[in-house]
Every structure is written in structure tokens, then in C-alpha cells.
Engineer: 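Next up is a structure, given as C-alpha cells.
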Amino acid sequence: MSVITTHKDGNVLVVTSNNPPVNALGIAVREGLVAAIEQAGQDNDVEAIVICCEGQTFFAGADITEFTKPPVEPLLPAVVEIIEAFDKPVVAAIHGTALGGGCELAISCHYRIAVPSAVLGTPEVKLGLLPGASGTQRLPRLVGVEAALEIMTKGENVPAPKAKAMGLIDRLAAEGALIDEAIAFAREVAGVRPIPRTSEKSITADPAVIDAFRKGNARKFRGFEAPEEIMRCVEAATRLPFAEGLAIERQAFVKLMFSSQSTAQRHIFFAQRKASKIDGIASDIKLRDIRKVGVIGAGTMGGGISMNFLSAGIPVTIVEQQSEALDRGLGVIRKNYEATAAQGRIKPEQVEGAMGLLTPTLNMADLADCDLIIEAVFENMDVKKDVFGKLDGIAKPGAILASNTSYLNINEIAAATSRPGDVIGLHFFSPANIMKLLEIVRGAKTADDVLATAMAVSKKIRKVAVVAGVCYGFIGNRMLMPRQLEAEKLLIEGATPAQVDKVHVDFGMPMGPFQMADLAGTDIGWHRDPKVINNLRDALCAEERWGQKKMAGFYDYDAKRKPSPSPRVAEIIADFRKKAGVELRVISDEEIMERTLYPMVNEGALILEEGMAQRASDIDVVWVFGYGWPVYRGGPMFWCDLEGAKKIVAGLEKHQDKFGPEFRLSPLLREKAKTGGRFNN
Ligand code: NAD
């Protein structure tokens, strides 16, 4: 059966797409739509058309699998032209998500009606692209320059009621009555002339609006090419006739389509989906039921971890040692929810709803009815072993026992129980209620169904999860270590914290290594003995320069937490330099890149070789979603593919003597350099 079918309802031709799962605008759909319009043109009884979709949604976008294939006509820009030019009124009947090309198709129709639950939007920017089927020219004509910029550069969905208010759709239909109401609408407008065509609408041309928008969003758009191209196209729409604007849009679209940024963003889009596939486990494996969750420790991480489950409607029992710590932890959770409600992002009653699902306790035995228990106590092996030993005597059979450890060996923790198959690592990132990444650490004895259940749970709490093996720091923190080590060595050789950080920020990271250390606390993992000073960090810690919380770390901070270079840190560095007999020299930005970023790629390659990550793209996902690696550079392994492994290896070899004896060049990376191979194909 064809994906596009038609039937007549009196004088209205109803054109229906049935292309599961999301009615993507693939070639068969495009051909079918053009044929249906032709049919309507030839049939004198037809006075109007309704375009609608079966299944869960209106056209939810282009067929992304066609992106890398040669284009096949008719392309979407031509299809939407045919629809708009048609001389009988066309009504789009929207349910589900009218996204990307689907939204562009809707706005090329003469009228739009949608159910209240529908959403419209142009998420192309998230793939480093722009709406390339006339969206940049039609949308500003329909909803105004500012609203169009907002929709297209941010890629957020617009709910139907809001779309109605801004003129993006004409009418709202009752849920369940969309097609009937759309047909009635079509009948009503069948004789109306002139037919309203978006391309013929006038548009106000105030360049100041675009400039203000650009300035107001400079931070958000930093480094990204697509938002700038969208603004350029909208500016063209305000100035040029429709056809000329379209030509500019086409040019910009093609440029972005072949840009490394969009390639990287599309890589991450697919990588994120791939990450949830676990090698060697059948996809139909029976999962364990997770109805109730226990969290041990109500500190920085325990509170945030609990919020993930509470927000997903899953009850949580949270355990602390002392009532003060418990009260403090609960207070932080409540404050976070209330702040979210104050911003209008959740309803006030949702605060109480979430808090109502939380049971605080000082008694670990209260975890007996939990299906998943996550430990988030101090990062200390003895403490963790003690907790897991106790848990073994409390948790019900079949409960999953998870540790949020950042570095410690999950196998050793599992060995403290009589059920190592039920033990797993669930490494959340701080702040745990916000950061998208979850590293799921597969222990040597972790049962397959425990791993698969953890992956399923991650989806429920809307995390992006990646499976990691047991090694020091797993994937993310393990790769952070060589970066931090080199960054500190560079200071002793002559770079400043500000210079190193700037190189990373210019690269697109949200902050540099020293800004990050100050934010997290330079004292994390410190041995706490001010007399033992083995490195720069020890020296800072000994003087209580523990970062932002002490208003002093690698930088000095003012009351507003604004950093400035620290003369004291410069002295400490100079002292180290002298003691180490290192000669002060000028360090280039290029060397900073090569010495801090290239070793990360090398560590990633070692992780792959050792089987600690399932695939290179998983490492990219970790860095994009856990550490803010710029998505437009696709993660460290994808970035290596872009730069070429040969260049990375040459850079690493150049600095081999500085890396010291502990540095080991990855044979896998060396082989890629030799053969011109890539990590992501
Ligand atoms: P934290 O010190 O803020 O909180 C730990 C809490 O655990 C404290 O409130 C403490 O009272 C409680 N606790 C200790 N022993 C307990 C016990 N036996 N029973 C009940 N409660 C107990 O520490 P945190 O930063 O939340 O770190 C917790 C874990 O999460 C560590 O393993 C850490 O490595 C890991 N982690 C931390 C971060 C981070 O950025 N803070 C990120 C990822 C993972």
C-alpha cells in the first residue's frame, strides 16, 4: 500500500500519510504528496484539500537516513512550493509533532489546524542545520521576526495553544476530532479568495531587532555556526523578495550540511542512541521491576540522584547517618524544586508531589523493600565496603545494589556482598538532577539483566547513559586525569591558569581545567595533610585555597565570584619552578592544545583498546553530556577523526619527553595514524 492515500469527503480531498513510525518526509511521502495535489487539481469536484497523518504524529521531520545519500527529486523545497502555489485551499491537520520539514510543510499550507496536545518546531539547529525548505523565509512572515528567530535558533518545540496565540496555526481542534474539524474548516474556506499564501505576506524590516537578538544570545550561540546562518537568512527575508531569500537559505543550508559542525552534531545525535545498545545482551532480556528506589547519603550527590527518581514519579527512601545531615539534604532537595517552580518550569503542586514521594530515614533497614539502592556516601573504599556489607543483609533478593563512586573499583565493592551479580556502578555527574550523563559501570560479575535494567532505568529518568568497564575513573574522569596533569605542568613551565583556561574556552568548553578545579573544589581527593606537598595542588590545598568555596583557588575570587589572577598562586608556581629546576619559557596556545587535549584522545584510545568503552562514539557521548565538550566538535574521538590521527600522534610524539615515563602512546591510535583510519566510521 502506498504511504500516501487519498479519499474524498464531499468536496474535500483528504490526503493521508501513513509512514510509521513518525511520518518522516522520505521520498515515497514526497512523491505521494505531489501526486495527490495533482489528483486534486484534475478533479473538478475537489474544492479544498486536507493534509493529515495517521499514527502517532504529523510529519515529524526529514528522513534523516537520506542525509548521506544522493538527493532524489522531488525534494521538500519543491514539494512545499507546489503545495503553496496550488489554487485550491490546503489545510494542514496537525497532531503529535510537526517538526522540521513537517513544520515547514505545515506553514506552506494555506491554513493550519491542530489539536492542543500537538507541538510545532524547527529543531534543525540542534543538528547544526537550518530549516532548509523555506522555513527561514516563511516563518518570520507568519509569526514575526523575533518569534521566528526564537523558534529556529533555539530549536524548542512550540505547543499548539502557544502556536495559535502567535499565529503559527489558525485554529485549535478538539482532541479526537481533528480530521472532522479539519474537513469542516476546509469546506468553510473552499471558496475564500485570495488564498492566503505565507510567501506573499509582508514582513517588517527592522535590522535592530536581529542585532539585539544576536547580542542577547551571544553566550548561548558561542561557537555555533547554524544560529548565525539562521539570523542571516531571516535578515534576508526582511530585505529581499521571497525568491531571493529562498536562494540565500538554500546556499546557507548546503554550506551547513557539509560543515564539520553539522557532521559532528549529527554524529552525536546517532551516538546518543547507539550508546543505549549493550553488546552481548539480547534486546528482549527480562528486566527487573524497579518500583521503589533507595539512596544512601543525602549529600551533594545523594540529593540530586533522588530528585531524578522523584521527578519521574518513583518513590525514594533516603538514608543518612545523622538527622542534621538528613535535614540539610532534604532542605536542598526542596529548595531546588521550589526554585524550579518559581521559574515556572514545574507547577507548585508538583513540588509537593515530588516531596511526598520521598521517605527520609536514619535506619538502613528501611531499604528492605527497595528494588534499586544507590549508594552515594564518602569516596572511601572502607566506608563503601562497610555500607555494601550491611546492605547485603538488608536488601531483598533481586534488588540492584549500585554505587555512585567516581573512581573506586566496583568489583572490590561487589565482593563485600554475597551477591556480586546484583552490584553495578551508577556514576551520576554533579549536579545530578541536571547533568544528562550517567556512566553505568559493568562489574566483572554484574548480571546481564542488572545491566539491562540499569539502562532502562536511565531512560525513565531521562539520562543519557553509557556503559563503562571497571578502571580508575571509568571513561570520563579517567580521561580528565592526563589533561589535568599536563595543565598543571604547563603552569610550572610558564603558562598561566588564565592562558590555559582561555585555550579551552576558545575551543568551546564551558570552562577551562583550572576554572573547573576551582568550581569543584581543589581539595577533592586531597590527602588532607598540609605538610605533605608533592604537587601544585597540594600546595594550594595546604593554604586552604580550596577553590570558589574559599574565594581562593587557582584564581582569587571577589564577593560575586568573579575570578582574577592570583599573585600568591604565581608565587607558589614560581617556587615550584625553582625547586624543579625548570626554566621559564613562553608557552604557545598550540602547545597547550597539544599537551592537554591530545593526551585525552590518547587515553580514550587506550580505554577502547582495553574494552572499557563499547565503542568510540560512547566516549564522545560521555564528554559531550558529562563535561560540556562542544557538541559541534563531536566529542574527543570524533574530533580526532576530524583532525586526523596522524596529526594527533605527531603532536604527542613531539612532546613525549614532557609527558614523562608514565605516558604510553596507544597502539590503536598509532595504527589509526599509520593507516589513516578513523574511530567513528
Ligand atoms: P558528600 O560528602 O556531599 O555526601 C556524602 C554523604 O553521605 C554525607 O552527607 C554523609 O553524611 C553520608 N554518609 C556517609 N556515610 C554514610 C552511611 N554509612 N550511611 C548513610 N549516609 C552516609 O559527598 P558527595 O559529593 O555527594 O559524594 C558521594 C559519592 O558520589 C562519592 O562516592 C563521590 O565520589 C561520588 N561523586 C561525587 C561527585 C561530585 O561532584 N561531588 C560526582 C560524581 C560522583
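Whatever order the structure lists them in is the order used to number ligands and atoms, beginning at 1. Index from 1, following the sequence.
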Engineer: With heavy-atom distances below 4.0 Å as the criterion, list the atoms of ligand 1 near Thr405.
Structural biologist: 32 (O)
Engineer: Donor-acceptor pair, distance only, cut-off 3.5 Å: does the side chain of Glu412 make one with the backbone of Asn409?
Structural biologist: no
Engineer: Are any of the N or O atoms of Glu375 closer than 3.5 Å to those of ligand 1?
Structural biologist: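 The answer is no, given that Glu375 and ligand 1 share no N or O pair closer than 3.5 Å.
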Engineer: Tell me the contacting part of Leu408 for ligand 1: side chain, backbone, both, or neither, using a 4.0 Å heavy-atom threshold, strictly below.
Structural biologist: neither
Engineer: Testing the 3.5 Å rule here: is there a donor-acceptor pair between the side chains of Asp392 and Ser418?
Structural biologist: yes
Engineer: So, Tyr337 side chain and Ile346 main chain: donor-acceptor pair closer than 3.5 Å or not?
Structural biologist: no
Engineer: Record the part of Phe428 in heavy-atom contact with ligand 1 below 4.0 Å; permitted values are side chain, backbone, both and neither.
Structural biologist: backbone
Engineer: In the protein, what heavy atom is nearest to atom 20 (C) of ligand 1, and what distance, to one decimal place, separates them?
Structural biologist: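 Closest protein heavy atom to atom 20 (C) of ligand 1: Ile296 CG2, 3.6 Å.
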Engineer: Using side-chain contact (heavy atoms from CB on, under 4.5 Å), reason through Glu375 and Leu391 one step at a time and then give a plain yes or no.
Structural biologist: CA-CA 10 Å; Glu375 164 276 310; Leu391 210 46; 5.5 Å; no
Engineer: In terms of atom number and element, which parts of ligand 1 are under 4.0 angstrom from non-hydrogen atoms of Val387?
Structural biologist: 18 (N)
Engineer: Do the side-chain N and O atoms of Thr596 and His504 include a donor-acceptor pair separated by under 3.5 angstrom?
Structural biologist: yes
Engineer: Return the closest protein heavy atom for atom 30 (O) of ligand 1 as residue, atom name and distance.
Structural biologist: Asn404 ND2, 2.8 Å
Engineer: In terms of residue, atom name and distance, what is the protein heavy atom nearest to atom 40 (O) of ligand 1?
Structural biologist: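 That would be Ser430 CB, 3.3 Å.
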Engineer: Ignoring hydrogens, just give me the one of Glu439, Lys390, Met364, Gln321 whose non-hydrogen atom is nearest atom 14 (C) of ligand 1.
Structural biologist: Gln321
Engineer: To the nearest 0.5 Å, what is the distance between NE2 (His655) and CG (Leu490)?
Structural biologist: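 Going from the NE2 atom of His655 to the CG atom of Leu490 covers 9.0 Å.
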Engineer: To check your reading of the model: name the closest protein heavy atom to atom 4 (O) of ligand 1, its residue, and the distance in Å.
Structural biologist: Gly299 CA, 3.3 Å
Engineer: So is Arg328 polar-close to ligand 1, meaning N/O to N/O under 3.5 Å?
Structural biologist: no
Engineer: Geometry only, no angles: is Ser406 polar-contacting ligand 1 at N/O separations under 3.5 Å?
Structural biologist: yes
Engineer: May I ask which of Glu324, His427, Gln322, Glu320 has a heavy atom nearer to atom 21 (N) of ligand 1 than the others do?
Structural biologist: Glu320
Engineer: Under 4.0 Å from any heavy atom of Val319, which atoms of ligand 1 are there?
Structural biologist: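 That gives atoms 20 (C), 21 (N) of ligand 1.
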Engineer: Given Asn308, which of Lys463, Lys460, Arg462 fulfils the side chain to side chain donor-acceptor pair (under 3.5 Å) condition?
Structural biologist: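 One option only clears the test, and that one is Lys463.
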Engineer: For atom CD of Gln322, is the number of surrounding heavy atoms from other residues, nucleotides or ligands below 6.0 Å larger than 12?
Structural biologist: no
Engineer: Rounded to the nearest 0.5 Å, how far does CG of Asp422 lie from NZ of Lys396?
Structural biologist: 12.0 Å
Engineer: Can you tell me which residue and heavy atom of the protein come closest to atom 37 (C) of ligand 1, and the distance to 0.1 Å?
Structural biologist: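 So the nearest neighbour among protein heavy atoms is Met301 CG, 3.3 Å.
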Engineer: Quick one: does any side-chain atom of Tyr627 pair with a main-chain N or O of Asn477 as donor and acceptor, under 3.5 Å?
Structural biologist: yes
Engineer: Determine whether more than 12 heavy atoms belonging to other residues, nucleotides or ligands lie under 6.0 Å from atom NZ of Lys445.
Structural biologist: no
Engineer: Looking at Thr300, which atoms of ligand 1 are within less than 4.0 Å of one of its heavy atoms?
Structural biologist: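 Those of ligand 1 that fall under 4.0 Å from Thr300 are 3 (O), 25 (O), 26 (O).
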Engineer: Could you tell me, atom by atom, which parts of ligand 1 come under 4.0 Å of a heavy atom of Lys384?
Structural biologist: 31 (C), 32 (O)
Engineer: Among Ala325, Gly297, Ala376, which one puts a heavy atom closest to atom 5 (C) of ligand 1?
Structural biologist: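 Nearest option to atom 5 (C) of ligand 1, by heavy atoms: Ala376.
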Engineer: Cation over ring, Arg478 on Tyr472, under 6.0 Å and within 45°?
Structural biologist: no
Engineer: Write out the residue and atom name of the closest protein heavy atom to atom 28 (C) of ligand 1, then the distance separating them to 0.1 Å.
Structural biologist: Val377 O, 3.2 Å
